[in-house]
Visitor: 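Attaching a single structure in C-alpha cells format; questions to follow.
The first residue in the sequence is number 1, and the count goes up from there.
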Amino acid sequence: MGSTSTFVSFMRFSHSVSPELRCRFPFPKFYRISYVRPCPQVFAVVCNHHNPKSPGLVVGRGKIREPRLLKSVELDRFLTSDDEDEMSEGFFEAIEELERMTREPSDVLEEMNDRLSARELQLVLVYFSQEGRDSWCALEVFEWLRKENRVDKETMELMISIMCSWVKKLIEGQHDVGDVFDLLVDMDCVGLKPSFSMMEKVISLYWEMGEKEKAVLFVKEVLKRGVAYSENDGEGPKGGPTGYLAWKMMVDGNYRDAAKLVINLRESGLKPEVYSYLIAMTAVVKELNELSKGLRKLKGFAKSGFVAELDSESVGLVENYQADLLADGILLSCWVIEDGSPSLHGVVHERLLAMYICAGRGLDAERQLWEMKLAGKKADEDLYDIVLAICASQKEANAVRRLLTRIEVMGSLRKKKALSWLLRGYIKGGHYEDAAEALMKMLDMSLCPDYLDRIAVMQGLRKSIHLWGNVEAYLKLCKSLSAANLIGPSLVYLYLKKYKLWIMKAL
C-alpha cells in the first residue's frame with residue numbers, strides 16, 4: 001500500500017489548482033500510487049513547516065542541507081491545456097526518488113531523462129514549489145534542466161513565477177531583508193539571473209506595505225553584494241534598483257528624499273547605477289519647480305493682502321534652500337560625467353538647464369544651452385525662448401543679444417513667438433522702456449504684438465511717467481502703434497502741478 005500522508009499531500013497539491021490550471025498539465029483521474037513507499041524525510045519537512053522553531057535537517061549523500069519551506073505558488077497561466085494525457089509512471093518514480101534525498105537530484109533526473117517529457121519536468125518544478133516541499137530541490141531541478149539545455153521560454157517563465165511567489169511570501173511574512181536577498185542569490189547560483197522586473201517587484205512590495213526602510217536596506221544589499229541582474233525586459237534603462245526606489249519616492253512627492261537617497265548611497269561608499277543619478281537630477285528639478293510655484297502663489301497672496309510679505313530672514317532661508325538643491329544637482333551631474341559615457345553628457349546639460357530655469361538663473365541657463373549644443377544635443381526652441389525671457393527680466397543685455405542672433409534665420413511665426421517672450425520678460429522685470437523697444441521692433445518687422453502685451457507695456461509706461469515724469473518713451477510708442485493702426489487717435493496730456501499747467505497733444 002502507498003503512504004497515506006504522501007497520497008493526501010499529493011492530492012492536496014492537485015486540488016489546490018483551479019480547474020483551468022489542470023487543463024494543460026492534468027492529473028490523472030485515478031492515481032496509481034500503490035508503489036509509493038513512506039518517506040520519513042518528507043514527513044520531517046512537513047512537520048518543520050508547521051513548527052518553524054524545529055530546525056530539522058535532511059541528510060542526502062553524506063551532506064547536510066537545510067530545506068527551504070515556502071508557501072505554494074499561483075501558476076494559473078502556466079498550467080493550462082486541453083490535453084487529457086495522464087502522467088507516466090516515470091513521473092511518480094522521479095518524485096519519489098527526489099523526495100528520498102538519498103541521491104543528488106541531478107543523478108536521479110539523468111537516470112530518468114528519457115522517461116520524462118518536458119511537461120512532466122515542468123510539473124516536477126511545480127510539485128517541489130508547493131507548500132511543505134523542499135524549495136531547494138526545485139532550484140536543483142531547474143539547474144539540471146539548464147545544464148541539459150531543456151529550459152525553453154515557458155519553463156523559464158514558470159520558474160520565474162515560482163521565484164516571484166517565494167519572494168512575495170517572504171516579504172509578506174515579515175522575513176529579514178537578508179532572507180529575500182539570499183533567495184535572489186540562490187537564483188543566481190542555479191543560472192536564473194534575477195531580472196530587473198523582479199528587483200522592481202521586491203521594492204514595490206516593501207513600498208506598498210509601508211516598509212520603506214526595508215526597501216532602502218534591500219537596495220543597499222544589492223549594491224553591497226553586487227548582484228548582477230538582467231535588463232532584457234525590453235523596458236530600457238530605468239536606473240536599476242536605486243533609480244527605481246528613487247522613482248517610487250518621486251511618485252509620492254518626496255523629491256528631496258529621492259535625490260538625497262542616491263547622494264547618500266554614493267557618499268557612503270556604494271556605487272549606484274549611472275541612470276539613478278539622472279533620476280535624482282530629475283527629482284531636484286521637480287523640487288525646484290515646486291519651490292518656485294509655491295513662491296509665486298505666496299507672492300500672489302501677499303499682493304492680494306491675504307498674507308504678509310516675506311521678511312529678510314525668510315527670504316534668506318528660501319535662497320539657501322534653493323542653493324542647496326542646485327548644489328545637489330551639480331554634484332549628481334559630476335558623477336554622471338565621471339561614471340557615464342559621453343552619450344549622456346547632453347542629457348546632463350539638459351537636466352542642469354531645467355534646474356537653472358526653475359531657479360530663475362538666466363546666465364547659468366544660457367550657458368547650459370551652449371553646452372548642450374556642444375554635446376550634440378539640440379535644445380527645443382521653446383527652451384531658448386524661456387531662457388531669453390529670464391535674461392530679459394534680469395536685464396542681462398549681453399545674453400539677450402546673443403540669444404536674439406538666432407531669430408535672423410527664423411520664419412515670421414517663430415520670430416513673433418521669440419520676441420513675445422522677450423517682451424514679456426521685460427514686463428515681468430519691470431523694464432518697460434526696454435519692453436517698448438521690443439514692441440516697436442516687432443512693429444518694424446511687420447509682426448503684430450498681442451493685444452494684452454501692448455496694453456501691459458502702455459500701462460507700465462504710464463506708471464513710470466507718474467514716477468519719473470519721462471514721457472518720451474510713451475509718446476514714441478503711441479506714434480508707432482498709431483502708424484500701425486493698432487490704436488485710434490489719441491490725446492496725450494500732462495499736468496505740471498508746479499505751474500498749474502495742462503499740456504495736451506493730439507496723436
Visitor: Within the side chain of N289, is there an N or O that forms a donor-acceptor pair under 3.5 Å with the backbone of V285?
Guide: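 Absent.
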
Visitor: Using 0.5 Å steps for rounding, measure from the NZ atom of K428 to the NE2 atom of H431.
Guide: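 Answer for the NZ-NE2 pair, K428 versus H431, is 11.0 Å.
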
Visitor: Is any NZ, NE, NH1 or NH2 atom of the basic residue among D385 and K417 found under 4.0 Å from an Asp or Glu carboxylate oxygen of the other?
Guide: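 Looking at D385 and K417, the cut-off is not met.
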
Visitor: Above 12 or not: heavy atoms from other molecules or residues under 6.0 Å from CD of E313?
Guide: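 Atom CD in E313 is not packed in, count stays at 12 or less.
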
Visitor: Less than 4.5 Å apart, side chain to side chain, heavy atoms only: is that true for L278 and V348?
Guide: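 SC-SC contact between L278 and V348 confirmed.
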
Visitor: Would you call R424 and D450 a salt bridge, using N to O less than 4.0 angstrom?
Guide: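 So R424 pairs with D450 through a salt bridge.
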
Visitor: Answer yes or no: are there more than 12 heavy-atom neighbours, outside K212 itself, under 6.0 Å from its atom NZ?
Guide: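 Enclosed.
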
Visitor: Could you pull out the closest heavy-atom pair between M355 and I330, with the gap in Å?
Guide: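 Scanning both residues, the minimum pair turns out to be CE-N, 4.2 Å.
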
Visitor: Just verifying a value: how many Å separate Y321 OH and L288 CG, rounded to the nearest 0.5 Å?
Guide: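 CG of L288 is found 8.0 Å from OH of Y321.
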
Visitor: Using a 6.0 Å cut-off, check whether atom CZ of F301 has over 12 heavy atoms from anything other than its own residue.
Guide: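 Not buried by this count: 12 neighbours or fewer within 6.0 Å.
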
Visitor: Measuring from I171:CD1 to L205:CG, what's the distance to the nearest 0.5 Å?
Guide: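 Between atom CD1 of I171 and atom CG of L205 there are 4.5 Å.
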
Visitor: Would one find more than 12 heavy atoms of other residues, nucleotides or ligands at under 6.0 Å from atom CD of E338?
Guide: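 Above 12, so yes.
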
Visitor: Can E290 and K293 be said to form a side chain to side chain contact (heavy atoms under 4.5 Å, CB included), step by step?
Guide: CA-CA 5 Å; E290 289 298 315; K293 286 196 298 186; 3.2 Å; yes

Visitor: Kindly say whether S161 contributes a backbone atom to a donor-acceptor pair with the side chain of S165 at under 3.5 angstrom?
Guide: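 Pair absent, no side-chain N/O of S165 close to backbone of S161.
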
Visitor: Would you say the side chain of Y356 lies within less than 4.5 Å of the side chain of I390, judging by non-hydrogen atoms?
Guide: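 No. Closest side-chain heavy atoms not under 4.5 Å.
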
Visitor: Can you check whether I279 reaches E273 side chain to side chain, under 4.5 Å on heavy atoms?
Guide: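 Result no, sub-4.5 Å side-chain heavy-atom pair not found.
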
Visitor: Quick check: closest heavy atoms across P272 and L265, and the distance to 0.1 Å?
Guide: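 Looks like CG-CB, 3.9 Å.
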
Visitor: For the side chain of D252 and the backbone of N254, is there at least one donor-acceptor N/O pair under 3.5 Å apart?
Guide: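 It does not hold such a pair.
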
Visitor: Please enumerate all residues that pass side chain to side chain contact (heavy atoms under 4.5 Å, CB included) together with T405, with sequence neighbours excluded.
Guide: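 Listed in chain order: nothing, the list is empty.
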
Visitor: Return yes if some donor-acceptor pair links the side-chain N/O of H349 with the main-chain N/O of L369 below 3.5 Å, else return no.
Guide: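 The answer is no, because no donor-acceptor pair under 3.5 Å joins these two groups.
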
Visitor: Find the distance between CE (M156) and CD (E154) and round it off to the nearest 0.5 Å.
Guide: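 The distance works out to 12.5 Å.
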
Visitor: Around atom CD of E350, are there more than 12 heavy atoms of other residues, nucleotides or ligands at under 6.0 Å?
Guide: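 Yes, the 6.0 Å shell around CD holds more than 12 heavy atoms from other groups.
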
Visitor: Of N398, L353, L403, which is the lone residue that meets side-chain contact (heavy atoms from CB on, under 4.5 Å) with E366?
Guide: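 The side-chain contact (heavy atoms from CB on, under 4.5 Å) with E366 is passed solely by L403 among N398, L353, L403.
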
Visitor: OG of S314 to CD of E309: how many Å apart, nearest 0.5 Å?
Guide: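 Going from OG on S314 over to CD on E309, the span is 11.5 Å.
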
Visitor: So which atom in L486 and which in C448 form the shortest heavy-atom distance, rounded to 0.1 Å?
Guide: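 Between these two residues, the closest heavy atoms are CD2-SG, 3.9 Å.
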
Visitor: Salt-bridge test for E143 and K147: reply yes if a basic N is under 4.0 Å from a carboxylate O, no otherwise.
Guide: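 Salt bridge present between E143 and K147.
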
Visitor: Does CG belonging to L413 count more than 12 external heavy atoms closer than 6.0 Å?
Guide: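 Incorrect, the count does not exceed 12.
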
Visitor: Could you walk me through whether L344 and I337 satisfy the side chain to side chain contact (heavy atoms under 4.5 Å, CB included) test, starting with their C-alpha distance in whole Å, then the side-chain angles of each, then the deciding distance to 0.1 Å, before giving a yes or no?
Guide: CA-CA 7 Å; L344 297 177; I337 294 174; over 6 Å; no

Visitor: Counting distance only, does the side-chain N/O of S464 pair as donor-acceptor with the main-chain N or O of L461 below 3.5 Å?
Guide: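 Such a contact is found between S464 side chain and L461 backbone.
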
Visitor: Check whether any side-chain heavy atom of E267 lies under 4.5 Å from a side-chain heavy atom of L331, and answer yes or no.
Guide: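 Side-chain contact under 4.5 Å: yes.
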
Visitor: Decide yes or no for V167 and K201: does some side-chain heavy atom of the first lie under 4.5 Å from some side-chain heavy atom of the second?
Guide: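 Not touching, per the 4.5 Å side-chain cut-off.
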
Visitor: Mind running side chain to side chain contact (heavy atoms under 4.5 Å, CB included) on R351 and V347 for me, showing each step along the way?
Guide: CA-CA 6 Å; R351 297 287 197 282; V347 182; 3.4 Å; yes

Visitor: Can you see which heavy atom on I487 is nearest to which on C478, and at what distance?
Guide: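 Between these two residues, the closest heavy atoms are CD1-O, 3.5 Å.
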
Visitor: Quick check for you: to the nearest 0.5 Å, what is the distance between I427 atom CD1 and L439 atom CG?
Guide: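 Here the rounded value is 8.0 Å.
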
Visitor: Quick check: closest heavy atoms across D380 and D382, and the distance to 0.1 Å?
Guide: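 Shortest heavy-atom separation between D380 and D382 comes out as OD2-N, 2.9 Å.
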
Visitor: Applying the side-chain contact (heavy atoms from CB on, under 4.5 Å) criterion to L388, which one of L419, I407, L404 satisfies it?
Guide: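 Exactly one pass, corresponding to L404.
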
Visitor: Checking V180 against Y206 for the side chain to side chain contact (heavy atoms under 4.5 Å, CB included) test, could you report, in this order, the C-alpha distance in whole Å, the side-chain angles of both residues, the deciding distance, and whether it holds?
Guide: CA-CA 11 Å; V180 178; Y206 278 130; 3.5 Å; yes

Visitor: Does the side chain of E437 reach to within under 4.5 Å of the side chain of K476, using non-hydrogen atoms?
Guide: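 Side chain of E437 against side chain of K476, heavy atoms only: contact under 4.5 Å found.
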
Visitor: What is the minimum heavy-atom distance between A246 and L261, and which atoms define it?
Guide: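 The pair with the smallest heavy-atom distance is N-CD2, 4.0 Å.
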
Visitor: Charged N to carboxylate O under 4.0 angstrom, K248 versus D257?
Guide: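 Looking at K248 and D257, the cut-off is not met.
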
Visitor: Would you say K271 and D339 make side-chain contact, with heavy atoms under 4.5 Å?
Guide: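 Yes - at least one pair of side-chain heavy atoms lies under 4.5 Å apart.
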
Visitor: Is there a side-chain contact between M281 and L352 (heavy atoms, below 4.5 Å)?
Guide: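 Sidechains of L352 and M281: in contact.
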
Visitor: Whether E287 and K260 form a salt bridge (side-chain N of Lys/Arg under 4.0 Å from carboxylate O of Asp/Glu) is what I want to check.
Guide: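 E287 and K260: not salt-bridged.
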
Visitor: I would like to know whether R367 and D364 meet salt bridge (charged side-chain N to carboxylate O under 4.0 Å, His left out); could you show each step before the answer?
Guide: CA-CA 5 Å; R367 186 177 70 253; D364 292 323; 3.0 Å; yes

Visitor: Do any N or O atoms from the side chain of E211 and from the backbone of Q174 form a donor-acceptor pair under 3.5 angstrom?
Guide: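 No; zero donor-acceptor contacts below 3.5 Å.
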
Visitor: Classify the ring geometry between W335 and Y277 as parallel (under 30°), tilted (30 to 60°) or perpendicular (over 60°).
Guide: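 Tilted, since the angle between the ring planes falls between 30° and 60°.
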
